[in-house]
Every structure is written in C-alpha cells, then in structure tokens.
Amino acid sequence: MEVLYQSTRSTADKVTASQAILKGLAEDGGLFVPDHLPAFDHTFAEFAEMSYQETAYHVMKLFFSDFTEAELKDCIRKAYDTGFDTEEIAPLAEADGSYYLELFHGRTIAFKDMALSILPHLMITSAKKNQVQNEIVILTATSGDTGKAALAGFADVPGTRIIVFYPKDGVSPIQEKQMVTQTGGNVLVAAIRGNFDQAQTGVKAMFHDKGMEQELAAAGFQFSSANSINIGRLVPQIVYYVYAYAKLLQNEVIARDEQINVAVPTGNFGNILAAFYAKQMGLPIKTLLCASNSNKVLYDFFETGHYDKNRPFYVTSSPSMDILVSSNLERLLYWLVGQEGVASCMEKLSGAGAYEIENEVFDRLPYLKSGFATEEETAAEIRLVYENASYVIDPHTAVASKVVRKYKKETGDVTKTVIASTASPFKFTRSVMNALGEDKPEADDFALADALAKLSNRELPQAVSDIRNAPVLHDTVCDPEEMPEVVRGFLK
Ligand SMILES: *Cc1c(COP(=O)(O)O)cnc(C)c1O
C-alpha cells in the first residue's frame, strides 16, 4: 500500500513522498508523518546478506512509494559511494561490552552524512517528478554537524542553493573551519551572534513568511529545508538500525529474533525517532534509550510529562545536543496524542514555552527509557572506554555510552546494546584529548588531531587533513534579526 504523508497538526490533504520532501514542512507548520508505517518485506536473515546500499533500497522503497526503482537506486548509488571511507558505510565496533554503530565514516565525519548525502538527490528527483521549475534554496540552522554535512551534500548540485546559519560561539573550531572553507558557487555560510535556538527560530520564521515566499517565487526561487524535520532525512536514518541488527545476526552475536537495546545521543530527536520507527516496523528492539547531555529537557519530559524550554541553556562538549526545542519530538507526540493534541502542545510551546501531557500517555511507550550525562560524567566515560578497550569515542557518543552504563547498573539488563556513535572523535579533538588528560593548551586543533591519531591508532580522517590548509571563504557574521537580509543579499 502506498505511503502518503500528512501533517502532525491537522488532517489537511495528504501528499506524496516526493511532495513531502520538497515542502519540508506542512502548510500548517506541522511536520510530515507517514499515514501508516509499512512492514519490512524481507526477513532479517535476508537483510543479513545485503550490502548497505541494498539494505537502503529495501527500507527506503517502503516509504518513498512514488519513486521508481531506478530513481531510488540512482539516489542511493550517488549518496553511499567513495565519499565514505569504508565499504560497510556504517560499521559496528565492539568495545567495552557494547556495540558502537559508527555513523561517522562520511564526508564530514559525523552521522548527519548518513542522511544528508542522499537528501540532495532525493530532492532533485522530487523536483523533476513534480515539474518544479524554481531553483531550490536550502535554508538551514545548524549547531555544527548539519551545516557542514548539508554543505558537502548540496555544493554545486545543479538547481540548488544552500544557505547555512550557525551560532558563532556554539560550534567547535574544527566544525567552524569545515564550514567557512566550503567551496561551491551555490553556497553561503553565515554566523549569527546568538545560540542555536535563535538560529533555528530565525530560519523557521523565514519559512513561515508568506511575503518572502512570494518575493522569492517572483525571482525563481523556493525554500526547502535540510533540517532533520525533512522526511527525506528521517527515512534514510532507519536504514542503519536495520543494517546493524542484520550485521549482529550475520556475525552470530545474536540469534534469530533476539532483541537488542539501542541507545542514541539525542538533540533534535531525529536519530532516535528513526530507531522508534524501525521498532514500530518490527525491528526487535527491547529498550530504546534516549540520552541527553546537561540540556536535559527530553529527560525531564519523559520523566514527568512536562516539557519546558524555559531553563538555562548550557554550552557543552556535545554541542550538537545543545538543544532546548527538539523539533522531531513532535512526530512522537503525534503518535502519542494525535493531531489535536499536537496542535495544542505546539501552540503552548510557541507561547509559554512549555506544555504537559498526561503521564498515562507514556504507558504506550514502556520500552523508551531516558537518561542524561553531565559534563564530568561524559569526560569520565571517554576516559573509561579508552582505558578498558583502547577505543576512543567522541563526547556525543560518550553521553549515550554513559547513559547505557548507568542503565545497566540500575537494571541489571544484559541485553546486547547498540550505541549510535554519532561523531568521529577527530571532530571534537580538544574535548576528547582533555578527557584523556592529554590536552595541550598551546597546541592547535590540528596538532592535537595528530596526537589523537597516534593515541587511538586511527588514521587522521581525510575530512580533517583536507581543511587543514584550506582558505576561509565565508566571513559573514550577523544578528539573528538580520538573517532575512543576508538571505536576500545572497539571492539577488
Ligand atoms: C545531530 C547530532 C546529534 C543529535 O541527533 P538528533 O537527530 O538531532 O537527535 C548527536 N550527535 C551528533 C554528533 C550530531 O551531529
């Protein structure tokens, strides 16, 4: 049965997959959700025999109903190619009693590559299918990783432009260098004086600005989003959970039908939502662990039913999780409380900044557990995993790893656990070296990366060596209120 997409907030008309990918957001400001979740049409034993690309095809075809086989396979082939430094695309590393699913082997060494390497191809294909003549302008707010991954995905893709806003002091030096050195004639990178939520709010305001939309259309442009709210990003993320399960089966780590636990370091709730969808579709997941850093708005929500963004904002060593409004949570809410419930919660969120749902609602989610790790715990976890297994993890991964450690200790649960490893330690070198007691304040990030390569017995990733001597091409800095002017200036 064909999967169509509808808004999380109202029962307005359904759209096809390609239309949902093009639009990004629904007309009413809601997010697109599939009208039903398809079932896998292969057994996990069959998935175990497949390459990453084959797995991707057999998972994504279930959601992208209006793509032909040739179209989807073409998108997959272009996305999961030699831009990844391993044929496995998403290898599993066993260390210290867990299985780290390494989602950082793409062009920008973080998990956003898993979806953003395919999104541009899904978008162009969608545009062709819908006779769209306008140039597509990707407008994105980033807390670090999305920005570079989107830039790398869209740079010089014909028929697209890409504009990325990031918080000036909210990303790591290597993340910033990655972005401001981005080449491509269709690319703009701008820093804002503010935090990620302000950048995201500014981007959302432009998406909802009807006047700006008409102005752009007259000039032959239309906005689309590469943020994790796009269904074209969510669906490719389901793939690697299926792939990881199948690999565990193939390697006889688990028996047929054996359940696993999955832990995900969470910010915008996209990655873990993909795992939730995989479970709903039949992937044998027993416990889904949602891990937060000190910005533990999600932990508090799952503990109390009370979502409240009015709280201090902490800049942590895991900046991609420094988020107080987790956009994709809306899709889980839709499943929990339906469209009317979502509409009411979102209205309260944009008003008072808080909403509450009844605790009984969580009875439908007994398998979802949440936890958080403080900065001290995160650093200690990096050190501990290294001491126990000579394996170096980045701070985001360490947050989830610590939450797993606490969960195991509290529950005695010995279920085999997959931890989504969302960034290479080379992306957050200083925090990692600091945690390992190897920080040298006088050394620059590249010198530290060399030292980390020695210590971790890993090669320096190409993504780091490439930007080492690359020239800075983008130096725009603006206030949040100036974002629309920056966009207009670029599109003139
Ligand atoms: C984006 C990101 C996350 C958070 O993922 P969400 O899908 O936003 O929850 C975690 N770690 C890293 C390294 C990221 O880039």
Side-chain angles (χ1 to χ4, degrees), residues 31 100-117 119 140-153 164 166 170-172 174-175 178-179 196-197 199-200 225-231 233-238 240-241 262-278 288-293 295-299 301-302 316-332 368 370 372-373 378 382 393-403 419-429 431-432 463:
L31 312 192
Y100 292 87
L101 176 59
E102 296 187 350
L103 303 174
F104 55 76
H105 288 273
R107 289 166 185 79
T108 74
I109 59 176
F111 107 95
K112 302 291 193 294
D113 291 324
M114 301 304 297
L116 280 166
S117 53
L119 183 69
T140 290
T142 185
S143 53
D145 289 336
T146 307
K148 179 61 188 189
L151 289 165
V164 170
Y166 70 93
V171 302
S172 80
I174 286 195
Q175 284 179 317
Q178 279 188 316
M179 288 192 278
F196 169 71
D197 282 316
Q200 192 170 46
S225 164
N227 270 5
S228 60
I229 50 176
N230 195 303
I231 201 78
R233 274 192 58 189
L234 193 55
V235 171
Q237 293 177 354
I238 299 171
Y240 46 74
Y241 291 109
V262 171
V264 186
T266 299
N268 238 337
F269 210 76
N271 200 1
I272 193 167
L273 187 80
F276 167 78
Y277 280 173
L288 196 52
L289 272 165
C290 173
S292 300
N293 65 20
N295 295 296
K296 58 183 183 59
V297 63
L298 287 168
Y299 171 80
F301 174 63
F302 288 119
T316 72
S317 57
S318 47
S320 297
M321 299 159 69
D322 290 347
I323 286 171
L324 296 182
V325 179
S326 288
S327 312
N328 268 299
L329 184 64
E330 182 168 341
R331 289 192 165 108
L332 185 75
L368 190 134
S370 65
F372 69 96
T378 304
I382 293 173
I393 55 178
D394 98 291
H396 301 77
T397 309
V399 167
S401 188
K402 176 65 188 181
V403 166
I419 297 175
S421 181
T422 51
S424 161
F426 288 95
K427 198 150 191 175
F428 300 94
T429 320
S431 302
V432 169

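Starting from 1, each residue takes its place in the sequence as its number. Start at 1 and go down the list; that is how both ligands and their atoms are numbered.
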Aromatic ring pairing Phe111/Tyr240, orientation class (parallel under 30°, perpendicular over 60°, tilted between): perpendicular

For ligand 1, find out whether one of its N or O atoms is nearer than 3.5 Å to an N or O atom of Met321. no

Numbering as shown, the atoms of ligand 1 that approach Ala423 to under 4.0 Å (heavy-atom distance): 13 (C)

Provide, to 0.1 Å, the distance between atom 4 (C) of ligand 1 and the closest protein heavy atom, together with that atom's residue and name. Gly267 N, 3.5 Å

Candidate with minimal heavy-atom separation from atom 7 (O) of ligand 1, of Ile272, Ile323, Leu273, Asn271: Asn271

Part of Phe111 within contact of ligand 1 (heavy atoms, under 4.0 Å): side chain

Looking only at protein heavy atoms, what sits closest to atom 13 (C) of ligand 1 is Asp145 OD2, 3.1 Å

If you scan protein heavy atoms around atom 6 (P) of ligand 1, the nearest is Asn268 N, 3.5 Å

Tell me the contacting part of Lys112 for ligand 1: side chain, backbone, both, or neither, using a 4.0 Å heavy-atom threshold, strictly below. side chain

For Pro265, state whether at least one heavy atom is located under 4.0 Å from any atom of ligand 1. yes

With side chains defined as the heavy atoms from C-beta onward, is the minimum distance between Gln175 and Lys427 less than 4.5 Å? yes

Heavy-atom distance under 4.5 Å between the side chains of Phe301 and Ser370, does that happen here? no

Below 3.5 angstrom, do we get any N/O pair linking Thr266 and ligand 1? no

Quick one: does Ser326's side chain have a donor or acceptor within less than 3.5 Å of a partner on Gly267's backbone? yes

Check: Val297 and Ser292 side chains under 4.5 Å, non-hydrogen atoms: no

Between Ser401 and Ile393, is any pair of side-chain heavy atoms under 4.5 Å apart? yes

What residue and atom, counting heavy atoms only, is the protein's closest point to atom 12 (C) of ligand 1, and at what distance? Thr422 OG1, 3.3 Å

Need the ligand 1 atom indices (1-based, order shown) with element for anything under 4.0 Å from a heavy-atom of Gly270. 6 (P), 7 (O), 9 (O)

Distance, nearest 0.5 Å, that separates NE2 of His396 from CG of Asn293: 7.5 Å

Just so I know, are the side chains of Ile323 and Asn295 near enough to count as touching, which here means a heavy-atom distance under 4.5 Å? no

